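Working notes, beginning with the structure itself.
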Amino acid sequence: ELKVEQNPLFLSMQEGKNYTIYCNYSTTSDRLYWYRQDPGKSLESLFVLLSNGAVKQEGRLMASLDTKARLSTLHITAAVHDLSATYFCAVFLFEETSGSRLTFGEGTQLTVNP
Amino acid sequence: EAGVAQSPRYKIIEKRQSVAFWCNPISGHATLYWYQQILGQGPKLLIQFQNNGVVDDSQLPKDRFSAERLKGVDSTLKIQPAKLEDSAVYLCASSLIGPRDTEAFFGQGTRLTVV
């Protein structure tokens, strides 16, 4: 069974600081997604990483994927308050017997303080 | 482009009652998912449809949960009878073909409280 683990689960940081959220998964996959969720809201797609070594950047967020290490990172540069939200990684797994499934991590609740 | 529509947004029921949720995916999206998100946790897949056929329902508690997508478009998820532990947000998502080809887009969710 695929397990997806994020750390940290809770992150409180000051504006202007840098930090990285980690997403480890237990089974080989070459496809990973990062989502953002604001309180009471649905999930917003941030990044789709489709191959080993993939790196994508949008504003102050940069995501990368290392399929050999089964690790993805979400790096935050010079954090601002607007980035406060919960961030989820989700790993795609395709199996011949059961088809495809997207499995989510527990989420990292990020709070950026002024 | 209209997003994934869900209703109702909120529902409060007593345990042992029944409840149904409705989802209208993005036009043209063949794949539809229902996820359960318990407070403080990541979404967990309940059931996945490809057009009107079930692709994966291995994590659906079939003794009380059911879902259908009769015409390959809208879908309903039903809980009968509800238990306290069913309190969660139920998210519907859709994608063009499947997560292998494109990402899933999520609706606003239905927040269910069972008392």
Side-chain angles (χ1 to χ4, degrees), chain A residues 1-10 21 23-25 28-51 54 56 58 63 65 72 85-110, chain B residues 1-7 9-10 21 23 25-26 29-51 53-60 88-113:
Chain A
E1 180 186 339
L2 173 61
K3 293 192 187 304
V4 182
E5 295 182 345
Q6 288 181 236
N7 75 84
L9 298 182
F10 299 94
I21 299 170
C23 174
N24 292 88
Y25 52 98
T28 300
S29 172
D30 62 356
R31 191 165 298 244
L32 187 141
Y33 303 80
W34 282 96
Y35 286 88
R36 168 181 172 147
Q37 186 175 40
D38 291 286
K41 304 290 187 181
S42 190
L43 287 93
E44 173 192 355
S45 177
L46 293 175
F47 299 108
V48 181
L49 302 170
L50 301 178
S51 61
K56 289 195 174 180
E58 180 72 34
L65 178 62
S72 180
T86 299
Y87 293 85
F88 292 95
C89 63
V91 178
F92 168 83
L93 185 64
F94 177 78
E95 294 177 324
E96 289 293 340
T97 52
S98 58
S100 60
R101 181 183 295 180
L102 200 57
T103 301
F104 283 80
E106 311 99 309
T108 296
Q109 186 175 318
L110 171 65
Chain B
E1 172 182 273
V4 177
Q6 290 188 247
S7 68
R9 290 292 310 278
Y10 306 93
F21 313 128
C23 172
I26 293 172
H29 280 197
T31 303
L32 184 147
Y33 317 82
W34 283 103
Y35 283 85
Q36 179 193 58
Q37 186 177 21
I38 293 172
L39 186 64
Q41 299 181 18
K44 183 185 84 170
L45 179 68
L46 292 176
I47 189 167
Q48 177 180 337
F49 292 94
Q50 184 84 14
N51 296 309
V54 175
V55 173
D56 183 357
D57 64 355
S58 58
Q59 298 189 94
L60 186 74
V89 175
Y90 290 85
L91 295 164
C92 178
S94 69
S95 63
L96 272 172
I97 299 176
R100 186 161 191 80
D101 299 284
T102 185
E103 72 259 40
F105 296 89
F106 284 79
Q108 296 274 54
T110 296
R111 183 177 299 275
L112 173 68
T113 303

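Note on naming: letters A, B, ... go to the chains in the order of the sequence lines (proteins, then strands), and numbering restarts at 1 for each one. Note that the structure is a prediction, hence the values are computed from the model and not measured. All values below come from the heavy atoms of this structure, side chains included, with hydrogens, waters and symmetry mates left out.
The CG atom of A:L43 sits 9.5 Å away from atom OH of B:Y35, with the distance rounded to the nearest 0.5 Å. Residue B:Q59 holds its CD atom at 7.0 Å from OG1 of A:T103, rounded to the nearest 0.5 Å.
For B:Q37, the part lying under 4.5 angstrom from a heavy atom of chain A is the side chain only. At a 4.5 Å heavy-atom cutoff, the contact between B:Q41 and chain A is made by backbone atoms alone. Contact annotation for A:Q37: only side-chain heavy atoms (C-beta onward) come within less than 4.5 Å of a heavy atom of chain B.
Counting only heavy atoms from C-beta outward, the side chains of A:F88 and B:P43 approach each other to under 4.5 Å.
Ranking B:G109, B:G107, B:G40 against chain A, the residue ahead of the rest is B:G107, based on heavy-atom pairs under 4.5 Å.
Within a 6.0 Å radius of CZ in B:R111, no more than 12 heavy atoms belonging to other residues, nucleotides or ligands are found.
In terms of heavy-atom proximity, B:A104 sits nearest to A:Y35 at O-OH, 3.0 Å.
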